[in-house]
Each structure stands twice: as C-alpha cells, then as structure tokens.
J.: 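First the structure, which I've put down as structure tokens, then a few questions once you've had a look.
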Amino acid sequence: MDSVIGNDFKIAAPEPLFAGGAIVFEGVAPLDLAATFDCGQAFRWRPRGDGCFNAVVAGDAVNARLDGDRLEIRGAPRGKAKFWAEYFALDVDYTAIHKALRADARMRACLAFSPGIRVLRQEFFETLVSFIISQNNNITRIKGIVERLCSCFGETVGEDHQGVPDRAFPTPSAIASLSPEDLAPLRAGYRVAGIIDAARRVDSGELDETALRAMPTADARRRLLEVHGVGPKIADCVLLFGLGRFESFPVDVWIRRAMVALFPEGLPCCTAGISGIAQQYIFHYARNCGTIPQSKQPRD
DNA sequence: CTCCAGGCATATT
DNA sequence: AATATGCATGGA
C-alpha cells in the first residue's frame, strides 16, 4: 500500500529535467514554497532571503527554488529525482483537489488564504521525532530543538557558504544509545523520553517503516501510539506528513473546535482520501487568520 | 510579569 | 468514557 489517495487525485509526476546541476520539474503549480515550508508540517527548511530555501533532506544539503512553475532542486544527485517528485507530492493532482474543495464556500475561503500549500511526503523517522518534539510547543522553539538535535548528533554532510556544517537529521541508531542527560543540550524538557523511545523502537526494528507503510492506516496508527510521547494528534501528524497517508489528519481539541465551527455536519468533499490535505488548509487559515468564516460566503 | 505553544501521561470522576 | 492536572522550556 503506497500513498493512500483517491484515484481522482492521482496523476503521473512530471519527468525530471537536469539543468545546471539542478533537478528540475516543470508544471508544478500550485506550489508556494514559503507557505508549504512554514505551515507547521516541516521544521528544517530555512529561507535564504532570495527566494531560495535550504535544508538537509535524505542526507543531502539541498537548495530549492521556484521559477514560475519550474521547481529547481540543487545539491541532490540525479538519481534521487524520483524521491524529490514524491517529496513534493508532484504525483498528486492539486488542481483537481482544489477544484473539489472549492465546491464548499467555507473550504473556498480557507483555500484562498494559502492556495500554494502542499502536504509534503517527508522522511518517516525525522517526522516522528519532530512531532514528538512539537508536543505542547511552539514552532519557533520546535525548530530550535530540531536544529540542536541535528547539530549535536547528525552526520555532517558538508558546509554552507559561511563554513557552517550542514548536518543530516540523526539516524535512529545515533539516538538509540543516548541517555536523557546526553540530550540535555537540546533543552527539550520532558520530550526527551519520547525521542529516545522512538529511536530505540525504530533502531531495533520493532517499529519498521516498511511494515507501517504496508499496513492499513488504522493499524499503523495503533503502532505509532505505542511510542512514548505519541498520542492521537502526533500519530495523525506522522501518518499524514511522514507516511503519506493523505486521508488521515491531525485532530486535537483545538483543530476539532475549528472544524466543528466550520463544518458542523462534517468535512465535505473530502471523502476521497484527501481529508488530511483539506485539514491543512483549514488549520493554516484558522491559525493565521484567527477568524472562522461563516457558512455563507460570497461566490467567486 | 503573564499567557501559551500543531499534547500527552496519568489520575480522578 | 469523559474530564482534570502537571509537565520543561522559552517565544511573544
């Protein structure tokens, strides 16, 4: 079972081009890199100020930029073009998704707020640990803790133009042998127990990504809930952002309140495996706008 | 200073 | 099953 998404919203990913040492995908719209990287699903992408974004992903220090509807990724080997197409969900038909979501006026309001958000397919272990860190935490500090985790225990994969080392997210085995005292420099508080438990379960094979991907979402969720520090919200975030289960979505008290206020009858137009994506638009709208649109919205 | 952050574990009702 | 409380830390 690969990504779970309705057939209506599957397309063939564009073929990669290779130009100037970059992996290039054309026709990627809709995609807004700033909105996508900064909507609370990823914690390592940093804007360089000129429209480029830097991160270390899958062991490569990469640079992503958008030129119209051309996505350029530098720093990754050609052989990983398929990985990057999946990372940016270029095989998901966001045009069709938007069309379906726009059938509802309230969903239309959320979508209009940040139409370039895509739900990324991020690496499993990094997503699991990052969202354990996110517990009762704010995004700025989450980013800081994740950076310190990489800086302390991640493999150096190069250095940036200022000579600062680029470090990968630590491997499960690199964390599995650590004690809470070793993680004290992270200043992650009570979350360190969860970080270590997650690393040990993954490192030992008890929690296996391949197995999780092969099992139904409900079973994978049950397995994730066994990890210390992983409750319903974080499990759903990991399913959505780290295991490509676009039909799953995080539902905590807050988002439930926003959802119910917006959609007392339940999420519309979202039954074909994209409720997680719909949720991300709702979440971002409610977080940044702070207001809940009424059920009656003006037509386009 | 206070309030709270993409919650969870645990105890109590 | 539902609700209440403590929690490390530091942004805003």
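Below, chains carry the letters A, B, ... as their sequence lines are ordered, and counting in each starts from 1. These numbers come from the heavy atoms of this one structure, side chains and all, not from hydrogens, waters or symmetry mates. Just so we're clear, the structure is a prediction, and the values are computed from it rather than from any experiment.
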J.: Is a donor on one side and an acceptor on the other found under 3.5 Å between the side chain of A:Arg201 and the backbone of A:Glu226?
T.: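 Yes.
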J.: B:dC8 C1' sits how many Å from A:Ile234 CD1, rounded?
T.: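 Atom CD1 in A:Ile234 sits about 7 Å away from atom C1' in B:dC8.
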J.: Just the rounded figure in Å: distance from P of B:dC8 to CD of A:Glu226.
T.: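 For the pair A:Glu226 CD and B:dC8 P, the rounded distance is 15 Å.
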J.: Go through the structure and list residues passing side-chain hydrogen bond (donor to acceptor under 3.5 Å, both in side chains) with A:Arg48, not counting sequence neighbours.
T.: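 Expected list: A:Asp50.
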J.: Which other residues belong to the hydrophobic cluster containing A:Val56, where Ile, Leu, Val, Met, Phe, Trp and Tyr are joined when side-chain heavy atoms lie under 4.5 Å apart, directly or via other members?
T.: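 Result for A:Val56 is A:Val157.
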J.: Protein-nucleotides 9-13 of chain B N/O pairs closer than 3.5 Å?
T.:
from	atom 1	to	atom 2	distance (Å)
B:dA9	OP1	A:Gly229	N	2.9

J.: For residues 181-189 of chain A, which side-chain donor-acceptor pairs fall under 3.5 Å, sequence neighbours excluded?
T.:
from	atom 1	to	atom 2	distance (Å)
A:Glu181	OE1	A:Ser179	OG	3.3
A:Asp182	OD2	A:Ser179	N	2.8
A:Asp182	OD2	A:Ser179	OG	3.0

J.: How many Å lie between CD1 on A:Ile142 and P on B:dC4, as a whole number?
T.: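 Roughly 17 Å, once rounded to whole Å.
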J.: Say we look at B:dA11 and C:dA8: how far apart would their P atoms be, to the nearest angstrom?
T.: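 Looking at atom P only, B:dA11 and C:dA8 are 15 Å apart.
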J.: Using the P atom as the reference point in each nucleotide, state the distance between B:dG6 and C:dT3 in Å, no decimals.
T.: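 The answer is 24 Å between these two P atoms.
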J.: Output the rounded distance in Å from CZ (A:Arg287) to C1' (B:dG6).
T.: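 So the two atoms are 7 Å apart, to the nearest Å.
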J.: Could you work out the separation of B:dA9 and C:dG10 based on their P atoms and round it to a whole Å?
T.: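 The same atom, P, in both gives a distance of 22 Å.
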J.: Taking ring pair (Phe, Tyr, Trp, His ring centres under 6.0 Å) as the definition, give me every residue that meets it alongside A:Phe113, ordered by chain and number, with sequence neighbours left out.
T.: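 Applying ring pair (Phe, Tyr, Trp, His ring centres under 6.0 Å) to A:Phe113 gives A:His284, A:Tyr285.
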J.: Does a side-chain N-to-carboxylate-O contact under 4.0 Å join A:Asp38 and A:Lys143?
T.: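 A:Lys143 and A:Asp38: salt-bridged.
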J.: With sequence neighbours left out, what residues match A:Phe37 under ring pair (Phe, Tyr, Trp, His ring centres under 6.0 Å)?
T.: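 So A:Phe37 forms a ring pair (Phe, Tyr, Trp, His ring centres under 6.0 Å) with A:Trp45, A:Phe53.
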J.: Give the rounded distance in Å between these two atoms: CD1 of A:Ile139 and C1' of B:dA5.
T.: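 That distance rounds to 9 Å.
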J.: Return the value, rounded to whole Å, for the distance between atom CD1 of A:Ile117 and atom C1' of B:dG6.
T.: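 My rounded result for the distance is 13 Å.
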J.: Nearest-Å distance, NZ (A:Lys143) to P (B:dG6)?
T.: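 So the two atoms are 11 Å apart, to the nearest Å.
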J.: With sequence neighbours left out, what residues match A:Arg222 under side-chain hydrogen bond (donor to acceptor under 3.5 Å, both in side chains)?
T.: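 A:Arg222 satisfies side-chain hydrogen bond (donor to acceptor under 3.5 Å, both in side chains) with A:Asp219 only.
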J.: Walk along nucleotides 7-12 of chain C from 5' to 3' and tag each nucleotide B, S or - by protein heavy-atom contact under 4.0 Å, base first, then sugar-phosphate.
T.: BBBBSS
J.: A:Phe283 on top of B:dG6's base, within under 5.5 Å and under 30°?
T.: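 The ring of A:Phe283 is stacked on B:dG6.
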J.: Let me check something: any side-chain donor-acceptor pairs from residues 17-31 of chain A under 3.5 Å, sequence neighbours excluded? List them with distances.
T.:
from	atom 1	to	atom 2	distance (Å)
A:Glu26	OE2	A:Arg70	NH1	2.9

